[in-house]
Trainee: 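Pasting a structure below so you can have a look.
All figures in this text were calculated on a predicted structure; none of them were measured in a lab.
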Amino acid sequence: MDTSPLWSLDWVRAVQGWGHGLLAPMQATTFFGSPGFVVLLILLFYWCIDKRTGRDLALLMILSSYGNTLLKAITHRARPYWLDPSLGRAVENSYSFPSGHAQNAAVLLGYLAWRLIRAAESVATHRAARRLAAGGLLLLIPLVALSRVYLGVHFPGDVLLGLAAGFLTLALYLWLAPTVGRWLAARTWVVNLALALGVAALTLLSIRAALNLPSVGEAPTWRAIGHEATLTSAAALAGMIVGGWTGFMLEARRVRFRVDGPLGQRALRFGLGIAGLGVLALGIGALVPTMPITYGLQGAVATFWVTYLAPWLFVRVGLAEAE
């Protein structure tokens, strides 16, 4: 077992020693790094506020999720409350290292803060408000990380390296995305589809291979639970790559919907999109037996709905205009 202070149960006990009264605030804070918040943020921006921001958030989420899932598969590290059940103030089935919530917060909130800072530099109006909002987002990132230690689901080392992985992912995306995006836009839909299938296959195979490596975190008692959660995440991620890649490509070439319009129209758009997403998820869950491939199918269908089918429907029913 790792004897580094960053993976010591004493640190978790010390943070929890700040008092049980912090439980509700910490539970609220941790939501800002959760998959549920991430998805809502992406849908809100992509359908209703700023399409480019929504697209970037979705791509960042997929890239970050791959790196996080791969590291979890390699290390097999146990969570604090798996080792000492008295520390458990939340429940998680995946491995501990690195913290997905901390990584999500660094990537997504960090991206939004970067956009606000850029806007404050280039637009004369509301500069103070934009900078204040960016500062609030940056402050929220370490608070999300701290909440994961308080809840007993991560060690300090997990959240620190999760933050580092998140900021590294964001930096690489901001550096490479413009060049890669232009190159892909110049490729045919057949090439894009082949690339999507190839990347999805490599994603799934690399994570499966990593699970077979010798355990670094020595969590054999929880291997079955951790492996199942990791395989589920890998399958869903592979499906999201195929659905999102093809959906973004088709939307840009065939729909090109606009997100502007009255507030009521945007609200109807969001509600219709969420309803369709729920119907698809329930339908697949009812028709297909539950297994890892099911999560891959759900991921592909859900992201294809979000990125292409829903925008196409918005235009068809008059809830959005096409460029």
Trainee: Over all heavy atoms of both residues, which pair between Met61 and Ile42 is shortest? Give the atoms and the distance, please.
Mentor: SD-CD1, 3.8 Å
Trainee: Hydrophobic clustering (ILVMFWY, side-chain heavy atoms < 4.5 Å, transitive) - are Leu172 and Val199 grouped together?
Mentor: yes
Trainee: If only atom types and distance count, is the side chain of Ser65 paired as donor or acceptor with the main-chain N or O of Ile62 below 3.5 Å?
Mentor: no
Trainee: Starting from the C-alpha separation in whole Å, work towards a yes-or-no answer on ring-ring contact (aromatic ring centres under 6.0 Å, His included) for Tyr111 and Phe167.
Mentor: CA-CA 9 Å; Tyr111 172 81; Phe167 286 125; over 10 Å; no
Trainee: Looking at His154 and Ser96, would you say the former's side chain and the latter's main chain have a donor-acceptor pair under 3.5 Å?
Mentor: yes
Trainee: Could you tell me whether the side chain of Leu170 reaches within less than 4.5 Å of the side chain of Trp175, counting heavy atoms only?
Mentor: no
Trainee: Given the rule that I, L, V, M, F, W and Y join up when any side-chain heavy atoms are under 4.5 Å apart, are Leu231 and Leu204 in one cluster?
Mentor: no
Trainee: Are Leu151 and Trp11 co-members of a hydrophobic cluster defined by side-chain heavy atoms under 4.5 Å apart?
Mentor: no
Trainee: Take a 6.0 Å sphere around CG of Leu176 and say whether it holds more than 12 heavy atoms from other residues, nucleotides or ligands.
Mentor: yes
Trainee: Backbone N or O of Ala300 within a donor-acceptor pair of the Thr303 side chain at under 3.5 Å?
Mentor: yes
Trainee: Go through the steps for Thr246 and Tyr308 under the test side chain to side chain contact (heavy atoms under 4.5 Å, CB included), then give the verdict.
Mentor: CA-CA 8 Å; Thr246 55; Tyr308 175 67; over 6 Å; no
Trainee: Just by distance, do the side chain of Ser206 and the backbone of Thr203 share a donor-acceptor pair under 3.5 Å?
Mentor: yes
Trainee: Are the side chain of Glu251 and the backbone of Thr307 linked by a donor-acceptor contact shorter than 3.5 Å?
Mentor: no
Trainee: If you look at every heavy atom in Arg269 and Arg258, which pair is closest and at what distance?
Mentor: NH1-O, 4.0 Å
Trainee: Ignoring hydrogens and angles, tell me if any N or O in the side chain of Gln16 forms a donor-acceptor pair with the backbone of Leu87 under 3.5 Å.
Mentor: yes
Trainee: When rounded to the nearest 0.5 angstrom, what distance separates CG in Asp158 from OG1 in Thr75?
Mentor: 8.0 Å
Trainee: Please confirm whether Arg187 makes a cation-pi placement over Trp183, using NZ or CZ under 6.0 Å from the six-membered ring centre and within 45° of the ring normal.
Mentor: yes
Trainee: Counting N and O atoms only, with roles assigned by atom type, does the side chain of Asp50 sit under 3.5 Å from a partner on the main chain of Tyr46, one being a donor and the other an acceptor?
Mentor: no
Trainee: Let me confirm one number: the CZ-CG distance from Arg77 to Leu83, rounded to the nearest 0.5 Å.
Mentor: 10.0 Å
Trainee: Are Phe304 and Phe248 an aromatic pair by the rule of ring centers under 6.0 Å?
Mentor: no
Trainee: In this structure, is the centre-to-centre distance between the rings of His227 and His76 below 6.0 Å?
Mentor: yes
Trainee: Could you check whether Arg89 makes a cation-pi contact with Tyr81, meaning its NZ or CZ is under 6.0 Å from the centre of the six-membered ring and within 45° of the ring axis?
Mentor: no
Trainee: Which atoms form the tightest heavy-atom contact between Asn68 and Lys72, and what is the distance?
Mentor: OD1-NZ, 2.8 Å
Trainee: Sub-3.5 Å donor-acceptor pair from the side chain of Arg148 to the main-chain atoms of Val153, do we have one?
Mentor: no
Trainee: Verify, without hydrogens or angle tests, whether Arg316 (side chain) and Trp312 (backbone) share a donor-acceptor contact under 3.5 angstrom.
Mentor: no
Trainee: Which heavy atom in Val107 sits nearest to a heavy atom in Ser64, and how many Å separate them?
Mentor: CG2-OG, 3.8 Å
Trainee: What about Val279 and Leu277, same hydrophobic cluster or not, with Ile/Leu/Val/Met/Phe/Trp/Tyr joined at side-chain heavy-atom distances under 4.5 Å?
Mentor: no
Trainee: Supply the atom-to-atom distance Arg115 CZ to Leu57 CG, rounded to the nearest 0.5 angstrom.
Mentor: 8.5 Å
Trainee: Is there a path of hydrophobic side-chain contacts, each under 4.5 Å between heavy atoms of I, L, V, M, F, W or Y residues, that connects Leu195 with Val180?
Mentor: yes
Trainee: With a 6.0 Å cut-off on the ring centroids, do Phe314 and Trp47 count as close?
Mentor: yes
Trainee: Please say whether more than 12 non-hydrogen atoms of neighbouring residues, nucleotides or ligands are located less than 6.0 Å from CZ in Arg253.
Mentor: yes
Trainee: Give a yes or no on whether the backbone of Pro5 and the side-chain of Ser8 come within a donor-acceptor separation of less than 3.5 Å.
Mentor: no
